[in-house]
Amino acid sequence: MNSSLTDNQRLALKMAAQWFATLCSGEVTPQQNQKWQRWLAQHEDHRWAWQRVESLQGQLHSMPGRFSYQTLNHARQQSEVTRRRVLKGLLVLLGLGGSWKAWQTPAGQGLLADARTATGEIKTLRLQDGSQLSLNTASAADIRFTPQERLIRLHQGEISIITAQDTQPVSRPFLVQTQQGMLRALGTEFIVRQFDDATRLTVLKHAVEITLPGQRLQVSEGQTVRFTASTFGEVTALSGGAGSWSKGVLSVSDRPLAEVVAELARYRHGHLSCDPAVAHLRISGTFPLNDTDAVLHILSRTLPVRIHTLTPYWVNVVPA
C-alpha cells in the first residue's frame with residue numbers, strides 16, 4: 001500500500017474506484033448519478049481521487065482500455081462478479097490492495113498481452129507467417145507460434161484474422177483460443193469477439209471449426225454463432241457491415257438506434273446510452289469510428305433525437 005497517502009486519501013481512492021466501476025456498469029439510475037455528483041462535490045480529496053482514477057489510462061497508456069470501461073464495452077452485460085473484478089483491478093493499479101490473483105483475470109492478463117489496444121484504438125499487425133491480425137477497440141491477445149501450431153489467445157475484446165498459407169515444411173493449424181473454447185481456421189478470414197460469458201464467431205470467408213468439450217461445430221462463410229463453454233447458440237446469417245470496424249468505420253443497414261449507440265459506446269471513454277423512447281428508431285449508414293462525437297452530431301441532425309451531455313464522460317441520446 002502507498003504509505004505516502006493519508007487515510008482520507010486512501011478511503012477516497014477506494015470510493016472513487018467503486019464509483020468508477022458502478023458508473024460504467026450500464027445499470028446506473030439517475031438517482032445514483034446524482035449521488036455520485038454529490039459525493040464528488042463534498043471534498044477536495046474526492047475530486048483528487050476521481051482525477052487519479054480517470055488519469056489511469058494516461059499513466060498506463062499501453063493498457064487495453066480502462067478496467068471499468070472494458071466492462072461497459074461488453075454489450076452492457078456486466079455481472080456483479082465482474083464489477084467486483086473491475087474494482088479489484090483498479091485498486092491493485094492504484095496501490096490499494098489485491099494480490100497476484102487479480103492479474104489472473106482476463107483484464108489482468110490483458111495488461112501483459114503481446115498485442116493490445118486502448119479504448120477507441122484499432123490496430124493491424126502482420127504476423128510472422130504473413131497472416132494479418134487486427135485488434136478492435138480495447139482488445140488484448142497473445143501470439144504463440146511454435147513448430148506445431150499457430151495460436152492466438154484472445155483475452156478480451158475483438159479480433160479479425162486473415163490467415164496466410166503456412167510456409168513451414170509441415171503445415172501448422174491456425175488456432176484461436178478464447179475463454180469458452182478453441183477455434184480452428186479452415187479458411188482465411190473470420191472475426192472473434194470475447195464477451196464476459198461467451199464468444200461470438202463471424203466467418204467472412206471459407207469456414208472455422210469450434211471445439212468445446214465433447215462437441216464440435218463447423219461454421220461456414222456468411223454465418224455467425226455465439227457460444228458458451230458448454231453450448232452452441234443458433235447459427236445465423238451475417239448482417240451487412242460485419243467486420244467494417246477493421247477499416248475504421250461502422251457500417252449499418254436498417255439497425256435499431258440502440259444497437260448503433262451500443263457499438264459507438266465501445267469506442268469512447270465513459271458512459272454513452274440510448275433512451276428507451278428512441279431505441280427503436282432505425283438507421284443506415286457508414287460512420288467513422290475515430291470521432292464518435294461527430295457521429296452523435298450526425299444522429300441528432302438526421303433523427304428526432306438530441307445529445308444530452310452531462311459531462312464529457314456521461315452522454316445520453318434522448319428524444320428531441
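For the single chain, residues carry numbers from 1 onward in sequence order.
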Does CD in Gln165 sit with more than 12 non-hydrogen atoms of other residues, nucleotides or ligands closer than 6.0 Å?
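No, because the 6.0 Å sphere around CD of Gln165 holds 12 heavy atoms or fewer from other groups.
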Can you confirm whether more than 12 heavy atoms, excluding those of Arg216, are under 6.0 Å from its CZ atom?
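No, the 6.0 Å shell around CZ holds no more than 12 heavy atoms from other groups.
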So, do [X] and [Y] sit near enough that their side-chain heavy atoms are less than 4.5 Å apart?
{"X": "Phe232", "Y": "Leu212", "value": "yes"}
{"X": "Lys247", "Y": "Ile122", "value": "no"}
{"X": "Val261", "Y": "Leu272", "value": "yes"}
{"X": "Phe174", "Y": "Arg184", "value": "no"}
{"X": "Val295", "Y": "Pro288", "value": "yes"}

Between [X] and [Y], is there a donor-acceptor pair closer than 3.5 Å when you use the side chain of the first and the backbone of the second?
{"X": "Arg255", "Y": "Ile283", "answer": "no"}
{"X": "Thr224", "Y": "Thr236", "answer": "no"}
{"X": "Glu121", "Y": "Ala118", "answer": "yes"}
{"X": "Glu221", "Y": "His206", "answer": "yes"}
{"X": "Thr231", "Y": "Thr228", "answer": "no"}
{"X": "Ser139", "Y": "Glu158", "answer": "yes"}
{"X": "Lys123", "Y": "Arg116", "answer": "yes"}
{"X": "Gln218", "Y": "Ala207", "answer": "no"}
{"X": "Ser300", "Y": "Val305", "answer": "no"}
{"X": "Asp275", "Y": "Val317", "answer": "no"}

[X] to [Y] - nearest heavy-atom pair and separation:
{"X": "Ser131", "Y": "Thr163", "value": "OG-CA, 3.4 Å"}
{"X": "Leu135", "Y": "Ala141", "value": "CD2-N, 4.3 Å"}
{"X": "Arg282", "Y": "Asp254", "value": "NH2-O, 2.6 Å"}
{"X": "Thr292", "Y": "Leu289", "value": "CG2-O, 4.0 Å"}
{"X": "Val219", "Y": "Val225", "value": "CG2-CG1, 3.7 Å"}
{"X": "Ile191", "Y": "Gly243", "value": "CD1-CA, 3.3 Å"}

Quick test of your reading of the model: are Arg268 and Glu263 salt-bridged, counting only N-O distances below 4.0 Å?
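Judged by the 4.0 Å cut-off on N to carboxylate O distance, Arg268 and Glu263 do not form a salt bridge.
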Treating Ile, Leu, Val, Met, Phe, Trp and Tyr as nodes and any side-chain heavy-atom pair under 4.5 angstrom as an edge, say whether Leu154 and Leu217 lie in one connected cluster.
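Both belong to a single hydrophobic cluster.
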Linking I/L/V/M/F/W/Y whenever any side-chain heavy atoms sit under 4.5 Å apart, do Trp314 and Trp50 land together?
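Same cluster.
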Supply the members, apart from Met182, of the Ile/Leu/Val/Met/Phe/Trp/Tyr cluster built from side-chain contacts under 4.5 Å; use none for a lone residue.
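Traced through the cluster, Met182 reaches Leu151, Leu175.
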Could you state the interatomic distance from CZ (Arg301) to CD1 (Ile307), rounded to the nearest 0.5 Å?
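Between atom CZ of Arg301 and atom CD1 of Ile307 there are 12.0 Å.
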Decide whether [X] and [Y] meet the rule of one side-chain donor and one side-chain acceptor closer than 3.5 Å.
{"X": "Ser171", "Y": "Asp166", "answer": "no"}
{"X": "Ser134", "Y": "Ser160", "answer": "no"}
{"X": "Tyr267", "Y": "Asn136", "answer": "yes"}
{"X": "Gln132", "Y": "Glu189", "answer": "no"}

Is NZ or CZ of Arg200 both nearer than 6.0 Å to the six-membered ring centre of Phe227 and within 45° of the ring axis?
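Not satisfied by the 6.0 Å and 45° rule.
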Could you check Ile210, Thr178, Thr202 and say which one makes a side chain to side chain contact (heavy atoms under 4.5 Å, CB included) with Val192?
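With Val192 as partner, side chain to side chain contact (heavy atoms under 4.5 Å, CB included) holds for just one option, Thr178.
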When Val176 is tested against each of Ile159, Leu133, Leu201 for side chain to side chain contact (heavy atoms under 4.5 Å, CB included), which residue passes?
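Among Ile159, Leu133, Leu201, the one that satisfies the side chain to side chain contact (heavy atoms under 4.5 Å, CB included) with Val176 is Ile159.
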Could you go step by step and tell me if Arg172 and Asp129 meet the salt bridge (Lys or Arg N to Asp or Glu O under 4.0 Å) rule?
CA-CA 10 Å; Arg172 299 167 295 176; Asp129 68 336; 5.4 Å; no
